Structure formats: C-alpha cells, structure tokens
Amino acid sequence: QQQQQQRRRPLPSGPGLADFIQAHDKEPQLPTKSTLDSSAEVPPYMQTSDIGGQGRAVYFETYGCQMNVSDTEIAWAVLQNVGYTRTSDIYKADVVLAVTCAIRENAERKVWQRLDLFRKIKRLHNKSLQIGVLGCMAERLKTQLLESKKLVDIVAGPDAYRDLPRMLSTARDGQAQINVMLSMDETYADITPVRLQPDGFSAYVSIQRGCDNMCAFCIVPFTRGRERARPIDTLIEEVRQLSEAGVKEVTLLGQNVNSYRDTSRAETPLKDADPVVTSRGFQTIYKPKRGGIHFADLLHEVAQVDPNMRIRFTSPHPKDFPDAVLEAIQANSNVCRSIHLPAQSGSSSVLQRMRRGHTRESYLELVEHIRSKLPDVTLSSDFITGFCGETEEDHQDTLDLVRQVQYNTAYMFAYSLREKTHAHRRLQDDVPEDVKKRRLAELVDTFHENAAQRNALWRNKRIVVQHMEVAAKRSNMLVGRSDGNLKVFYPPDERLTGVQPGDYLLVDVRESTSASLTGTAAGKCDITGRPMAQASATELS
C-alpha cells in the first residue's frame with residue numbers, strides 16, 4: 001500500500017517548452033561593457049544558485065599553445081564569476097581541469113599520464129574530486145575519455161566553456177557530462193579573461209578562433225571549428241584595460257591570426273566588398289573572402305592604445321602577409337619586428353600534399369620581400385619531418401631552405417598522423433619512424449648552425465630589451481627579450497637599480513649563440529630607445 005501511494009504521488013513540475021525557448025525571445029546584441037560579467041550559461045530550467053561554485057577550489061593544468069593559456073583564462077573567468085576559487089595545490093582541489101592539446105601524439109600521451117595520476121589522487125585522497133578535460137583533446141577523444149577509459153567526469157570542447165558551471169554541478173550527482181559542440185559564432189568576446197598571473201607584465205589577447213585552412217596534417221579545424229573573429233571594439237577595450245593594469249606586452253592570438261576579418265562594422269554588403277588580399281603567389285583552399293576589418297587595420301588600432309606597450313602576434317600563415325600588414329608593422333614602432341613564418345617543408349611537392357597553398361619559390365620570395373620592408377626583422381618557423389610521401393630529396397630541399405633563410409628560431413617535429421585530417425583520410429603515413437627521427441635530428445643541427453650565423457649579426461649592436469627576471473639557468477645574470485623575441489642575457493649593474501619586469505633597457509650585445517644573445521646593459525630607456533635618441537639597433541661607435 002505504501003508503494004502504491006508513492007507511485008500516485010504527483011511528480012514535481014519540471015520545465016516546459018516555454019522555459020527552453022524564452023532565452024531566444026530577445027534580439028541578439030553585441031556585447032557591451034555592462035555585460036562583460038555575464039559569462040556563465042544558466043539553462044532556463046536551472047537557477048543561478050544551482051550552478052554556483054560555493055567556494056569550491058579549481059586546479060588548472062594547461063598544455064600546448066598560447067591559445068590554450070588564453071582558453072584557461074576564459075574558463076577561469078567563467079568559474080570565478082559563479083563562486084569558484086582557484087588553487088595551485090592539486091591535493092587541495094575540488095575540481096581538476098586539464099586544458100589540452102591534440103596537435104601531436106606526444107602532447108596527448110602526457111595528458112593520459114596525468115589523468116591516471118588524477119584518478120589515483122581521487123581514489124586515495126579525495127573521492128569527491130571532479131576531473132575534467134577541456135580543449136582540443138576533449139573534442140577529439142570524447143568517447144575514449146568518458147566511456148572506454150572512464151577517467152573523467154566532464155568533457156568540454158573549446159566552444160563549451162560557458163557551460164562549465166552547469167556541467168560541474170550536474171556531474172556532482174555522478175552523471176558524466178559532455179559538451180563538445182563546435183560553434184560558428186562563439187568568440188567569448190563578452191568575457192574578460194582572468195589572468196593566471198595577474199602581476200605579470202605580459203598578457204595574451206585572443207582575437208579569433210578556429211581555422212579555415214584545412215592543411216592536410218592539421219586537426220585544428222576539426223577540434224576548434226570554422227574561423228571567426230572577435231569584434232574589434234571588444235579587442236581594443238580589452239587591450240586598453242590591460243594597459244591600465246600595467247601590462248607592457250600583449251600578444252594577439254589566433255590559429256591563423258593574420259587572417260583576422262571582423263565584419264561587425266560592415267556598412268556595405270560583403271558580397272559587394274573587395275576581396276581579401278593575400279601574399280603574392282599564395283592561394284587559399286576556400287573561396288576568397290570579402291570585406292571587413294582586416295589584420296592590418298587591427299594592428300594600427302591596437303598599437304595606438306598604448307605606444308609604450310609591445311604588440312606581438314601568433315600564429316600567422318604565410319599567405320596572409322600582404323603589404324598592408326608589413327606597412328602596419330613598419331608604421332608602428334611598438335609592433336615587434338618579429339614574424340613567425342611557418343614553412344612546414346622546403347619541398348614544393350610536399351607543400352602541395354600538405355595543401356599549404358604555395359610553393360618553395362613563392363615562400364622564398366615572401367621572405368625576401370619581408371626583409372626588404374623590415375630589414376631588422378627576426379624570422380621563426382615551424383617544420384615537420386617525415387610527412388606522407390616525403391623523399392630524401394624532399395628532405396634535402398627542406399635543409400636547403402633553412403640554410404637560405406637562416407631563421408632565428410624554429411619549432412621542429414617529426415610528423416604525427418592525426419585522425420580526421422585530410423592526410424589520415426587520403427594519404428599514407430609511409431615514412432618509417434627511424435627515418436623521421438633521423439631527418440629531424442639533421443634538421444635541428446642545420447637550424448642551429450644557421451641560426452648561430454644569423455644571430456651573430458646582432459653582435460656589437462645596441463638593442464632595446466624588455467627586462468623579464470633573474471636568469472634561472474645562468475648564475476649572476478638577468479634576462480630579457482629583444483624586439484625580435486630573442487632571449488638576451490646581461491649581468492646586474494648599478495645603472496639597473498630599481499628595474500622592474502617589463503621595463504625597457506639598452507643592451508650592448510657582445511656574444512651570441514643559436515638560441516640567445518649576451519651583452520651589457522647601458523641603462524633604462526623607453527620602447528624606442530630614448531633617451532639614447534635611437535629607436536632601433538645601431539652600430540656601436
């Protein structure tokens with residue numbers, strides 16, 4: 001009889017159709033300053049109190065590129081806004097979130113190892129600990145994470161950070177949560193990231209998300225979605241806030257940062273606007289885009305916010321360096337003369353299979369053109385050895401390219417096949433692992449040999465350096481970075497009394513290696529080198 005009474009007890013009223021559609025009654029609006037704190041998504045069927053953190057502590061671990069650091073700051077802003085706190089001690093955490101990278105197999109292997117550790121901590125020290133995987137690996141390996149391995153409580157893709165409070169709240173009842181849906185318009189433009197190092201002098205600003213290039217080896221379009229830009233007004237406001245907070249260096253971030261194209265101010269139909277201009281000799285896999293505010297316009301506007309703040313950007317694509325971008329760097333002394341120019345290979349046949357949209361010859365022409373416009377520029381690059389079908393001749397072409405260009409910095413990796421990519425579907429990963437590793441070693445040696453020659457050109461010059469800190473691995477030395485993003489070492493000096501991280505110094509360079517410069521500080525200055533009346537590197541008298 002008691003069981004029958006329980007069956008007849010009316011169910012509590014739940015959400016109706018109106019609850020699910022009420023959020024769409026209003027016309028969408030661009031974010032304004034008054035809405036910057038409304039970061040968390042509260043479903044119509046839940047109360048704000050249901051998703052609150054109630055002081056629970058979150059521990060973050062971040063892997064991969066600078067974009068993941070920016071993502072961590074966005075996720076933290078969302079959680080802090082609903083009452084979570086942050087801890088740097090994993091054993092004091094109520095929630096552990098790993099912001100992950102899926103670009104290479106080695107990056108994923110590290111995360112799997114850490115997830116095993118997190119589960120061990122949960123089993124032995126804190127059975128209520130919640131474990132989450134965020135970012136690119138979350139989207140790529142969602143099934144394994146939740147079903148096969150059963151290592152985590154939540155899985156959130158790069159476009160799902162607003163949903164974190166709800167997911168964590170629901171997962172407390174033992175219901176694993178997943179949200180890896182990719183968005184065509186999510187840019188988190190209305191969320192002010194909470195910096196992980198609030199006292200630091202540098203900061204990242206994400207200007208766009210996703211990528212449309214569809215390079216054969218790259219998984220980013222499948223883990224981060226289509227390319228979309230943040231409205232320029234929100235970017236300028238964020239940079240202004242950082243300047244007021246004392247930040248002296250901002251790095252603009254995007255998967256293809258120099259293809260930035262904001263249409264929020266469009267006054268004419270995009271179909272009637274002029275097509276976007278690319279670098280000479282370069283093509284795109286997609287139809288030409290039209291109209292909007294482009295990267296060169298953004299550089300001009302960001303540079304004017306604080307002329308004493310250094311502006312950097314990463315990671316660009318070589319196809320998006322028209323003269324307008326080079327002239328914007330030229331015209332603004334606080335936009336650093338440091339350009340990342342990913343080549344990936346020095347072989348035209350490999351570049352074609354990679355779907356990079358250019359040949360070896362057009363790349364070399366671009367390098368020559370950049371150096372003619374910006375004589376003191378430093379160049380860095382990315383390279384992949386052992387891509388599908390790469391022959392020994394292709395490899396030698398890459399080594400020859402490195403010798404010709406003489407990069408200051410390079411990031412070099414053996415090819416790692418990624419599921420979902422064009423290479424995975426259409427090409428064969430046919431270069432043996434030992435050959436990949438041998439070619440990588442040869443590439444690294446060739447790079448260091450030529451970088452040492454290129455960096456030697458800075459000897460006996462006086463350059464502006466942004467002071468960072470006491471050098472960790474060189475005793476009795478300080479370290480900073482040049483405008484060209486080279487690490488510069490110099491000993492303490494009485495002329496540097498009171499110097500703070502982010503301050504500008506004049507340094508006379510005396511020694512160099514393939515990785516750094518060493519010299520003597522001549523005193524403090526501003527970003528242009530004043531009061532020495534020299535704005536860039538000059539020969540010592």
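What's counted below: heavy atoms across the whole structure, side chains too, no hydrogens, waters or symmetry copies. Small disclaimer: the values here were computed from a predicted structure and weren't measured.
The closest side-chain donor-acceptor pair between T518 and R474 falls under 3.5 angstrom. A side-chain donor-acceptor contact under 3.5 Å links S347 and D394. Neither side chain, Y411 nor H340, offers a donor N or O lying under 3.5 Å from an acceptor on the other. In the model, N213 has no side-chain atom that pairs as donor or acceptor with a side-chain atom of T284 under 3.5 Å. A donor atom on one side chain and an acceptor atom on the other are found under 3.5 Å apart for N256 and D320. Defined by atom type and a distance below 3.5 Å, a donor-acceptor pair is missing between the side-chain atoms of E186 and Y188. Of the N and O atoms on the side chains of T187 and Q208, not one donor lies less than 3.5 Å from an acceptor on the other residue.
Looking at heavy atoms from C-beta onward, M309 lies in side-chain contact with V250 at the 4.5 angstrom threshold. In this structure, the side chains of Q80 and R86 stay at 4.5 Å or more apart for every pair of heavy atoms.
With S279 contributing its side chain and K319 its backbone, the two residues share a donor-acceptor pair below 3.5 Å. D483 places a side-chain N or O within 3.5 Å of a backbone atom of R337 that can act as its donor or acceptor partner.
Within a 6.0 Å sphere centred on CD of E393, other residues, nucleotides and ligands contribute 12 heavy atoms or fewer. Within a 6.0 Å radius of NZ in K289, other residues, nucleotides and ligands contribute more than 12 heavy atoms.
The distance between the ring centers of F321 and F282 does not fall below 6.0 angstrom. A distance of 6.0 Å or more separates the ring centres of Y260 and F313.
Using a 4.0 Å cut-off between a side-chain N of Lys or Arg and a carboxylate O of Asp or Glu, E449 and R403 do not qualify as a salt bridge. Between K248 and D503 there is a salt bridge, with a side-chain nitrogen of the basic residue lying less than 4.0 Å from a carboxylate oxygen of the acidic one. A salt bridge is absent between R240 and E244; no separation between the charged side-chain nitrogens and carboxylate oxygens falls under 4.0 Å. Ion pairing of R312 with E249 is present here, as a side-chain N (NZ or NE/NH1/NH2) and a carboxylate O approach within less than 4.0 Å.
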